[in-house]
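We use all heavy atoms of the structure for the numbers below, so side chains are in, but hydrogens, waters and symmetry mates are not.
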Amino acid sequence: MTPPTPEVRARVLALSGEELPAYLYDLAALRAHLGGIRAALPPGVELYYAAKANPEVEILRALGPYVDGFEVSSGGESAHVAGAVPGAVLAFGGPGKTPAEIAGALRSGVRRFHVESVHELHLLESLATTVVPGTRLGVLIRVNLRVEGEALAGNALAMGGGPTPFGMDPAQADHALALLTDGGCPHLEFRGVHAHLASGLGAEAQLALARRVVEWSLALGRRHRLPVAEVNAGGGMAVDYARPGERFDWAAYGAGLARLSAAYEGLRLRIEPGRALTAYCGWYASEVLDVKHSHGEEFAVLRGGTHHLRTPATKGHDQPCTVLPSPAPWPHPWPRPAARGARVTLAGQLCTPKDVLARGVPAAGLRAGDRVVFALAGAYAWNISHHDFLMHPRPGFHFLGREEPGRTAGEERAN
Ligand SMILES: *Cc1c(COP(=O)(O)O)cnc(C)c1O
């Protein structure tokens with residue numbers, strides 16, 4: 001069980017069945033989490049937020065004071081984040097950038113690019129020439145280093161380290177640097193290297209990867225007699241859905257990054273996590289519509305489902321959750337559906353056996369009308385879900401603990 005914060009719990013119990021399902025974001029908890037991460041990171045290390053994890057405007061604004069910038073991976077994200085957090089530093093990454101997206105980003109003031117291929121380097125130079133002539137863009141070469149050994153073992157989601165569509169192989173990075181030094185790209189300034197090789201790594205594995213990326217980057221710079229000013233070691237800090245109480249060890253990671261910074265004075269280290277920043281502040285709350293006994297197993301059918309919270313279906317886990325028994329009496333003359341056994345599988349309303357949020361949840365006595373609150377729903381949750389499948393209504397959205405003058409906590413948004 002992963003109990004919601006008192007604010008989230010109170011709000012879920014105050015909502016009627018028809019107001020569920022709902023996403024609830026505890027912005028005060030998000031600020032406290034980011035404050036802790038910032039305190040653990042050495043002062044010189046920059047923290048960007050990978051917007052694709054959760055681009056809700058209120059989340060981006062709450063993160064603003066704690067981050068040095070935002071990593072955006074499309075023209076849509078670039079325009080959205082620039083609008084939500086005016087003046088924020090944006091780094092445009094991601095494979096398959098179209099000419100229109102790059103031009104739009106340049107017009108809206110993006111001056112920092114993570115370049116994924118030699119073709120993209122040429123494209124960026126030619127667009128800079130026409131769209132922002134006379135301006136120099138900061139370029140990080142995204143590299144896909146081969147990673148040996150244990151680093152990518154376990155449930156890490158590999159974005160590199162072997163064959164992938166992301167970034168350049170080391171030999172292509174040499175080609176890119178040759179182009180940047182021979183005067184063929186006057187609008188581009190080589191700033192350093194970007195690598196995002198895996199998601200789901202613990203602090204020690206992250207540090208080993210960062211060290212490897214830094215050493216490789218400095219060797220690349222030496223070969224081409226170019227200073228390496230920055231290394232972006234990517235995101236991918238682990239979030240453990242099976243043990244939600246265990247958090248990524250930011251203190252150990254920060255201490256390791258401090259040692260790395262000290263060893264390479266003058267080098268700017270940067271990281272760009274997504275999931276580990278926002279997963280914990282989000283909750284998906286729903287109501288039990290029915291409880292069924294099916295060939296020896298028990299199923300609760302909830303309002304909503306994986307078309308709102310796709311995370312457990314895509315990652316193949318059970319979403320951690322808590323049951324809040326309904327305080328309301330059963331309003332019907334017939335018996336209230338209730339679980340007879342100790343474990344219940346929590347399913348949604350979709351007509352597919354894949355619509356399961358959590359299996360075998362210890363929920364003895366679960367009854368229709370009870371509330372279920374799913375934790376760790378603040379990243380890769382609503383925004384990666386297939387909302388329109390079966391045309392059920394969208395959830396409500398509640399942002400608790402807002403910190404704006406003249407506003408009390410708990411602003412709402414109808415969707
Ligand atoms: C997705 C992504 C991130 C964030 O990854 P998390 O696992 O959410 O921390 C960072 N950088 C790049 C390039 C990404 O694609």
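When side chains are defined from C-beta on, L220 does not count as touching P170, because their heavy atoms never get closer than 4.5 Å. For the pair L121/L180, a side-chain contact is recorded, criterion being any heavy-atom separation below 4.5 Å from C-beta on. Under the 4.5 Å side-chain criterion, counting only non-hydrogen atoms from C-beta, L24 is not in contact with D26. You'll find the side chain of H307 stays beyond 4.5 Å of the side chain of L390, heavy atoms only. No side-chain heavy atom of W330 sits under 4.5 Å from any side-chain heavy atom of R367. Side-chain contact between V361 and D318 is absent, with no heavy-atom pair separated by less than 4.5 Å. The closest side-chain heavy-atom distance from P337 to K292 is not below 4.5 Å.
Ring planes of W382 and H387: parallel class, angle under 30° (limits at 30 and 60°). Using bins of under 30°, 30° to 60° and over 60° for the plane-to-plane angle, the ring pair H332/W334 lands in the parallel bin. Using cut-offs of 30° and 60° for the angle between ring planes, the F397 and Y25 rings count as parallel.
Summarising the geometry of I141 relative to A173, their closest heavy-atom pair is CG2-CB, 4.1 Å, with the distance given to 0.1 Å.
By the ring pair (Phe, Tyr, Trp, His ring centres under 6.0 Å) test, Y264 is found to be paired with no residue, residues two or more places apart in sequence or in another chain being considered.
Sequence neighbours left out, the pairs with a member in residues 68-124 that pass ring-ring contact (aromatic ring centres under 6.0 Å, His included) are F92-F113, H114-H194.
Tested against R112, the residues E230, E71, E46 include a single salt bridge (charged side-chain N to carboxylate O under 4.0 Å, His left out) partner, E230.
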